[in-house]
Amino acid sequence: VRKKKSIIIPTYNEAGNIVFLITKITEILKEKHDYEIIVADDDSPDGTWKLVEEISQRDDRIKLLRRIGKKKGLSPSIVDAFKTASGDVFIVMDADGQHDVSCLPVMIDVSNDNDMVIGTRFASDGAIEDNWPFYRLLASRLAAFAARAALKVNASDPMSGFFAISKDAFESVSQYLDPEGFKIMLELLFLLKKTNPDARVFETGIKFKSRKTGQSKLGTGVVFSYFKMLMRLRCLKVSR
Ligand SMILES: Nc1nc2c(ncn2[C@@H]2O[C@H](COP(=O)(O)OP(=O)(O)O)[C@@H](O)[C@H]2O)c(=O)[nH]1
Ligand SMILES: [Mg+2]
């Protein structure tokens with residue numbers, strides 16, 4: 001079966017990156033795949049949404065979800081996009097070029113036979129091409145360690161943010177999601193395994209590049225909310 005893919009790209013002030021990324025994706029996927037691209041934009045002041053709106057008028061596979069008057073945030077944007085998506089599989093990637101588009105075909109392929117696919121920088125075929133300073137690598141490893149220790153999830157890179165999840169898997173856990181969160185991949189992975197220990201989860205290596213242009217929105221202030229999320233999930237009661 002050919003499952004339709006919804007590629008979800010959350011954006012906030014990515015005017016310098018989004019057109020390049022969409023062009024790249026359409027070039028790589030060509031007509032070989034049944035897909036749509038949904039850009040979930042938090043009404044970016046730099047006009048990211050306007051650029052997407054223009055492209056969407058030329059290509060009806062490209063869709064703009066412009067969030068106005070809603071609480072801004074990464075997870076809520078992604079969840080809103082999931083709710084409007086028409087695909088059987090949802091694939092989430094960043095707009096800034098850090099998630100390498102060349103890894104998309106494999107991600108798509110593997111997503112056909114799994115409930116969730118986790119992109120990892122720390123697998124044999126994964127890589128960080130950016131010259132990350134030592135403290136960032138350490139922070140990333142520590143965050144992964146904390147996730148494994150607190151949640152018992154067996155993921156080598158729970159912070160990567162490049163992942164796929166089937167529509168069915170998402171719907172089975174959506175009631176437990178925290179609308180404030182920002183590490184939705186880890187949240188979904190944990191909830192899926194907790195509600196269904198037999199869920200099929202696969203890890204695939206991804207290349208992690210440096211941000212093309214613009215600035216990161218997720219600074220060190222997110223550390224606290226990350227640990228808060230780990231604690232919330234650890235204490236959460238779910239029904240199987
Ligand atoms: N819709 C939406 N997208 C966001 C928000 N914050 C970050 N993003 C997007 O999420 C992706 C990852 O954010 P980024 O700032 O690169 O985080 P970093 O890679 O951890 O430094 C990028 O595509 C951002 O534009 C937000 O509040 N709302
Ligand atoms: Mg980034």
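Positions are given from 1, in the same order as the sequence printed here. Read the numbers this way: they start at 1 and go in the same order the structure lists the ligands and their atoms.
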Sub-4.0 Å heavy-atom approach of Arg211 to ligand 1: yes

Check: Arg234 and Lys152 side chains under 4.5 Å, non-hydrogen atoms: yes

Leu104 CG to Phe162 CZ distance, which is reported to the nearest 0.5 Å: 5.0 Å

Minimum-distance protein heavy atom relative to atom 9 (C) of ligand 1: Pro10 O, 3.4 Å

Interatomic spacing from CD1 in Ile22 to CG in Leu51 - rounded to 0.5 Å: 8.5 Å

Backbone or side-chain N/O/S of Gln98 under 2.8 Å of the Mg ion (ligand 2): yes

Under 3.5 Å: donor-acceptor pair, side chain of Lys4, backbone of Asp34: no

Lys72-ligand 1 polar pair, N/O distance under 3.5 Å: no

Salt-bridge present (Asp96, Lys212; N to O < 4.0 Å): no

Distance filter under 4.0 Å to Glu14 heavy atoms, resulting ligand 1 atoms: 22 (C), 23 (O), 24 (C), 25 (O)

Under 3.5 Å side-chain donor-acceptor pair for Ser156 and Glu203: yes

Exam field: side chain Asn13 to backbone Asp46, donor-acceptor pair closer than 3.5 Å: yes

Asp96, N/O/S atom nearest the Mg ion (ligand 2): OD2

Shortest protein contact, atom 6 (N) of ligand 1 (heavy atom only): Lys217 CB, 3.9 Å

Close-contact set for ligand 1 against Asp42 heavy atoms, below 4.0 Å: 1 (N), 2 (C), 26 (C), 27 (O), 28 (N)

Heavy-atom nearest neighbour in the protein, as seen from atom 10 (O) of ligand 1, with distance rounded to 0.1 Å: Leu74 CD1, 3.2 Å

Pairwise side-chain contact, Phe82 with Leu188, heavy-atom cut-off 4.5 Å (strictly under): yes

Enumerated ligand 1 atoms positioned under 4.0 Å from heavy atoms of Ala40: 1 (N)

Closest protein heavy atom to atom 20 (O) of ligand 1, given as residue, atom name and distance to 0.1 Å: Leu218 CD1, 3.7 Å

Shortest non-hydrogen contact between Ser160 and Phe208, atoms and distance: O-CE1, 4.2 Å

Region of Ser77 engaging ligand 1 - heavy atom pairs below 4.0 Å: side chain

Whether Asp94 has an N, O or S atom under 2.8 Å from the Mg ion (ligand 2): no

For atom 18 (P) of ligand 1, the protein heavy atom that lies nearest, with its residue and separation: Ser216 OG, 3.7 Å

Polar contact flag for Tyr12 and ligand 1 (N/O pairs, less than 3.5 Å): yes

Gln98 neighbourhood, listing ligand 1 atoms whose heavy-atom distance to it stays under 4.0 Å: 16 (O), 19 (O)

Shortest non-hydrogen contact from Asp41 toward Leu64: CB-CD1, 4.4 Å

